[in-house]
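Worksheet: the structure to be examined is printed underneath.
Residue numbering restarts at 1 for every chain, and letters A, B, ... go by the order of the sequence lines.
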Amino acid sequence: MNDKFLKPYDPLETEPKIYKLWEESGYFNPDNLPERHKTPYTIVMPPPNVTGILHVGHALGLTLQDLMIRYQRMQGKKTLWLPGTDHAGIATQSKVEKEIKKNENKSRFDLGREELVHRVEAFAKQSHDTIISQTKVMGASCDWSREAFTLDEKRNLAVRTVFKQMYDDGLIYRGHRIVNWDPKGQTTISDDEVVYEERDAKFYTFKYSKDFPISISTTRPETKVGDTAVAVHPDDTRYQEYIGKEYDAVFCGVPIHIKIITDKEVDKEFGTGALGVTPAHSKIDWEMGQKNNLPVVQVIDEKARMMVGDERILGKKTTEARDIIVEWLKSENLLEKEESVKQNISTAERTGGIIEPLPKLQWFIAVNKPFKIKNSNITGIKTGEETTLKEIMTNVVKNGQTNIIPDYFNKTYFHWIEKLGDWCISRQIWYGHRIPVWYKGTELYCGTEAPKEDGWIQDEDTLDTWFSSGMWTFSTLGWPEKTKDFEIYHPTDVLETAYDILFFWVARMILMTGYVLGDIPFKNVYLHGMVRDAKGRKMSKSLGNNIDPVEMSTKFGTDAERITLIVANTPGTDFKISEDKIRGYKNFANKIWNVTRFVLSNIEGFDVNEKPEIVAENQKQIDELNETIKDITKDIDEYRFYMASEKIYHYFWHNFADIIIEQSKAPIFGTDEKAKKSAQWTTYHILINSLKLLHPFMPFVTEEIWGNLPHKNKKLLMIEEWPA
RNA sequence: GGGCGGUUAGCUCAGUUGGUAGAGCAAUCGCUUUACACGCGAAAGGUCACAGGUUCAAGUCCUGUACCGCCCACCA
């Protein structure tokens with residue numbers, strides 16, 4: 001027995017050594033796996049954003065994926081776990097912009113496009129390196145030789161190819177619409193990137209002018225200089241006589257022309273029952289404007305400043321203009337009511353900027369537009385048949401081709417799809433995939449390469465980061481090239497990710513893959529919950545309650561951290577973690593170590609390769625082990641990792657260590673040779689099988705022990721056969 | 001406003017087709033017993049949120065109520 005078993009288990013010394021051993025074995029790469037590994041099993045890693053460092057949520061994802069991969073590898077699958085990182089457009093650029101603002105007091109416009117992109121790339125490279133080393137600390141057995149980046153050259157070709165295809169199919173179009181404009185980030189964002197914050201607001205009721213017949217209410221009086229109509233409910237008896245009439249007024253120095261229209265959307269009971277329609281600065285108003293042919297008057301610019309008015313408001317910020325207009329209303333005796341209300345305001349997820357709805361010319365993906373699908377393996381949609389992107393997204397999940405775990409998330413998914421509108425994909429930022437469209441005067445060219453002739457200017461915008469991550473499962477396998485990898489490993493087996501990006505990402509992957517390949521990106525989606533602190537609070541810098549996964553690994557060992565993240569952690573449910581929890585499982589790693597010490601120190605002189613006659617008592621224990629193996633295997637196969645981990649923990653500690661080992665002491669220290677040999681063989685047998693069962697959960701300590709076991713024909717534990 | 005979860009031992013959570021309530025941690029008591037004090041043994045702890053219903057039988061199925069959490073919409 002190696003002397004190191006006389007001391008407690010030391011993860012800090014062991015883990016880097018073991019990871020190196022695995023990497024050098026080449027077995028992370030499925031091409032190097034032994035003959036028996038035939039059936040492919042694929043997980044493509046959700047690429048972490050290159051915005052900094054990994055948090056404990058990443059650690060959870062990596063642990064679950066590594067668990068599945070290691071289990072399937074031992075089961076004899078040709079396992080590919082493909083790693084990568086995400087350029088994360090807005091998130092990364094805005095982070096770097098903040099730094100530059102802080103350190104140099106410069107904006108991106110001061111630096112210019114080239115310099116900014118250069119800076120962002122440098123930052124991204126640094127983040128990338130940190131993330132990769134952290135991923136290795138977690139023990140991730142992914143194939144580094146296939147590592148990808150959402151913004152590298154191959155992925156860029158995939159992006160350009162898909163863009164052109166969708167453009168040619170009429171699914172990508174350029175349109176003038178009300179979009180979510182982020183004045184802080186100076187870009188549009190999609191509906192999904194808008195987050196709501198509750199704030200106190202004032203709800204004002206007033207008339208545009210003294211002779212105007214109808215009072216209206218709003219929380220944003222400054223937008224009223226852009227009103228072109230007042231809408232009332234068609235059945236509202238109070239306003240019948242005004243319907244269809246038009247009025248001129250001067251509102252805080254701005255001449256406005258108002259038509260009285262009707263719309264069923266108007267709530268008679270709310271406010272005065274009359275709605276001032278501002279087509280340029282509200283989505284609903286825009287639609288009313290379209291229906292009624294109302295003029296669109298933009299009164300707020302990209303910096304959220306007033307574009308119209310006299311010296312009182314022109315050029316002022318909207319919030320300042322609001323106060324000025326309210327003062328004016330009061331002085332003119334037009335203000336009838338001022339109420340305090342709670343209001344949800346829209347903010348940009350990444351920059352925190354207050355969203356200003358603006359009419360802008362942008363690129364969109366049409367989710368409801370019919371097109372002929374070129375090739376389809378999707379149940380319910382035939383090749384060549386007319387369908388829509390929305391229909392693809394619905395069908396794939398409805399018919400069970402893609403199975404979401406836990407299944408109640410199906411409902412959330414369908415609910416979201418029902419309400420889904422066209423997806424705004426153009427961003428006015430510089431870090432990302434440039435839109436593959438060129439202009440020359442009024443001409444427009446869309447292609448994977450720039451047109452050869454002179455005089456074409458490429459679209460300034462980049463694509464929403466989710467456009468490229470939507471293609472992740474197949475772009476990482478080399479598509480659009482016809483690669484062997486793509487042929488072998490697509491569709492992938494499992495996508496493991498957090499439930500909060502079900503819409504952002506999972507749905508977009510299904511959309512992209514359905515459209516491009518007529519197929520599913522993955523057979524299963526395993527959604528884990530959010531990791532919270534011991535009190536159930538979100539982890540955040542301001543609360544200072546962050547748990548750093550690498551620090552935990554250093555303190556307690558990665559194995560302890562990994563199994564903490566798995567035990568009692570059910571899919572789709574938020575999970576509370578604390579140092580105390582991890583500490584408990586550090587003891588477990590040590591227990592495994594000590595059991596090994598006992599077993600090894602008591603088989604001196606015994607040949608573990610020769611199975612002796614097994615006495616009835618030991619046979620019963622072996623049968624019990626086999627039952628446990630079956631049980632745990634079934635749990636893992638059915639994605640109940642929380643249960644499998646608890647069972648192996650319980651079996652090892654409270655059955656093997658507490659009972660079997662204790663009972664073995666009498667025969668081992670006794671004189672009955674037959675009973676002794678039987679007990680020696682049995683404890684050894686249970687130990688090696690337990691190590692196999694434990695390996696996907698706690699890979700380091702198990703591999704380290706495995707290397708010190710005396711039996712013949714040993715391989716690395718990571719490629720040993722899963723017991724049956 | 002619409003939707004989805006949750007409510008089980010002090011805490012964190014399991015409980016897979018309905019069949020006498022489980023684990024870990026914490027707390028209690030006792031142990032330096034020949035692998036391990038990062039340990040061992042023992043005992044303790046629950047009208048399974050509430051009210052109805054189905055059933056021979058309900059933590060589990062159905063209906064309703066209350067509270068907590070999350071997602072979506074955004075009444076202008």
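Comparing the P positions of B:U32 and B:A44 gives a spacing of 24 Å, expressed to the nearest Å. Separating the P atom of B:C36 from that of B:C29 is a span of 26 Å, rounded to the nearest Å. Taking atom P in both B:G46 and B:U54, the straight-line distance is 31 Å, to the nearest Å. Across B:G59 and B:U47, the matching C1' atoms stand 12 Å from one another, rounded to whole Å. Taking the C1' atom of each, B:G69 and B:U33 are spaced 49 Å apart, rounded to whole Å. Comparing B:G39 with B:A35, their C1' atoms are spaced 10 Å from each other, to the whole Å. The C1' atoms of B:C48 and B:G18 are separated by 15 Å, rounded to the nearest whole Å. Across the P atoms, B:A66 and B:C74 are found 27 Å apart, a figure rounded to whole Å.
Listed by chain and residue number, nothing satisfies the ring-ring contact (aromatic ring centres under 6.0 Å, His included) test with A:Y413 (two or more places apart in sequence, or in another chain). In this view, A:H650 and A:H654 satisfy the ring-ring contact (aromatic ring centres under 6.0 Å, His included) rule, not counting sequence neighbours. Annotation: ring-ring contact (aromatic ring centres under 6.0 Å, His included) contacts of A:Y684 (sequence neighbours excluded): A:H711. With sequence neighbours left out, the side chain to side chain donor-acceptor pair (under 3.5 Å) criterion links A:N403 to A:N524. Partners of A:Q290 by side chain to side chain contact (heavy atoms under 4.5 Å, CB included), not counting sequence neighbours, listed by chain and number: A:W286. Every ring-ring contact (aromatic ring centres under 6.0 Å, His included) that A:Y649 has, sequence neighbours left out, goes to A:Y585, A:F588, A:W653.
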Check: Going through the checks in order, is the side chain to side chain contact (heavy atoms under 4.5 Å, CB included) test met by A:L691 and A:I705?
Finding: CA-CA 8 Å; A:L691 290 172; A:I705 292 172; 3.7 Å; yes
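Among the heavy atoms of the strands, none lies under 4.0 Å from A:S601. Residue contacts shown for A:F203 are absent, as no nucleic acid heavy atom lies under 4.0 Å away. Note on A:T570: only backbone sugar-phosphate atoms sit closer than 4.0 angstrom, heavy atoms only; bases stay farther off. Across all strands shown, A:R220 has no heavy atoms under 4.0 Å from either base or sugar-phosphate atoms. Using a 4.0 Å heavy-atom criterion, one finds that A:Y649 contacts the sugar-phosphate atoms exclusively.
Counting to the nearest Å, the C1' atom of B:C70 and the OH atom of A:Y413 are 20 Å from each other. Counting to the nearest Å, the C1' atom of B:A35 and the CD1 atom of A:I603 are 13 Å from each other. Put simply, CD on A:E193 is 13 Å from P on B:C72, counting in whole angstrom units. Note: CG (A:N180) to C1' (B:A73) measures 14 Å, nearest angstrom. Atom NZ in A:K538 sits roughly 13 Å away from atom P in B:G69 (whole-Å rounding). Straight-line distance from the CD1 atom of A:I648 to the C1' atom of B:A14: 17 Å, rounded to whole Å. Rounded to an integer number of Å, the gap from CD1 of A:I284 to P of B:A73 is 12 Å. Rounded to whole angstrom, the span from the CZ atom of A:F652 across to the C1' atom of B:A35 amounts to 11 Å.
For B:G15, the OP1/OP2 oxygens have a side-chain nitrogen or oxygen of A:Y642 closer than 4.0 Å. The shortest distance between the side-chain N/O atoms of A:K665 and the OP1/OP2 oxygens of B:U34 is not below 4.0 Å.
Of the two residues contacting RNA chain B, namely A:D574 and A:G273, the nearest-nucleotide position lying further toward the 5' end is that of A:D574. Take the nearest nucleotide of RNA chain B for A:K576 and for A:T272: the residue whose nucleotide is more 5' is A:K576.
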Where do N or O atoms of nucleotides 39-45 of chain B meet protein N or O atoms at under 3.5 Å, pair by pair?
{"from": "B:G39", "atom 1": "OP1", "to": "A:N587", "atom 2": "ND2", "distance (Å)": "3.2"}
{"from": "B:G39", "atom 1": "O3'", "to": "A:K591", "atom 2": "NZ", "distance (Å)": "3.1"}
{"from": "B:C40", "atom 1": "OP1", "to": "A:K591", "atom 2": "NZ", "distance (Å)": "2.8"}
{"from": "B:C40", "atom 1": "OP1", "to": "A:W653", "atom 2": "NE1", "distance (Å)": "2.6"}
{"from": "B:C40", "atom 1": "OP1", "to": "A:D658", "atom 2": "OD1", "distance (Å)": "3.3"}

Identify each atom pair where a protein N or O and an N or O of nucleotides 2-7 of chain B are less than 3.5 Å apart, giving names and distance.
none

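Of all the heavy atoms in A:M306 and A:A321, the pair that sits closest is CG-CB, 3.5 Å. In this structure, A:Q298 and A:A280 approach most closely via the heavy-atom pair CA-CB, 3.7 Å. Here the shortest heavy-atom pairing between A:P357 and A:I178 reads CB-CG2, 3.8 Å.
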Would you mind writing out the side-chain donor-acceptor pairs for residues 188-198 of chain A within the sub-3.5 Å range, not counting sequence neighbours?
{"from": "A:T188", "atom 1": "OG1", "to": "A:S426", "atom 2": "O", "distance (Å)": "2.6"}
{"from": "A:T188", "atom 1": "OG1", "to": "A:Q428", "atom 2": "OE1", "distance (Å)": "3.2"}
{"from": "A:S190", "atom 1": "OG", "to": "A:E193", "atom 2": "OE1", "distance (Å)": "3.0"}
{"from": "A:D191", "atom 1": "OD1", "to": "A:N180", "atom 2": "ND2", "distance (Å)": "2.9"}
{"from": "A:D191", "atom 1": "OD1", "to": "A:K283", "atom 2": "NZ", "distance (Å)": "3.1"}
{"from": "A:D192", "atom 1": "OD1", "to": "A:W416", "atom 2": "NE1", "distance (Å)": "3.2"}
{"from": "A:D192", "atom 1": "OD2", "to": "A:R508", "atom 2": "NH2", "distance (Å)": "3.0"}
{"from": "A:E193", "atom 1": "OE1", "to": "A:S190", "atom 2": "N", "distance (Å)": "2.8"}
{"from": "A:E193", "atom 1": "OE1", "to": "A:R427", "atom 2": "NH2", "distance (Å)": "2.9"}
{"from": "A:E197", "atom 1": "OE1", "to": "A:R199", "atom 2": "NH2", "distance (Å)": "3.1"}

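In the interface, the side chain of A:N344 is paired with the base of B:C74 through a donor and an acceptor atom under 3.5 Å apart.
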Item checked: Dot-bracket encoding of pairs in RNA chain B, which uses [ ] for pseudoknotted crossings and | for another strand, Watson-Crick or G-U under 3.5 angstrom -> (((((((..((((.....[..))))..((((.......))))......(((((..]....))))))))))))....
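Of the candidates B:G24, B:A73, B:C36, the closest approach to any side-chain atom of A:Y196 belongs to B:A73. For A:I661, taking side-chain heavy atoms from C-beta onward, the closest of the listed nucleotides B:A14, B:A35, B:U12 is B:A35.
The aromatic rings of A:H685 and A:W681 lie parallel to each other, with less than 30° between the two planes, well short of the 60° mark.
Residue pairs meeting the salt bridge (charged side-chain N to carboxylate O under 4.0 Å, His left out) criterion with at least one member in residues 284-300 of chain A, sequence neighbours excluded: A:D263-A:K291. Applying the side chain to side chain donor-acceptor pair (under 3.5 Å) definition to pairs two or more places apart or across chains, none involves residues 265-276 of chain A.
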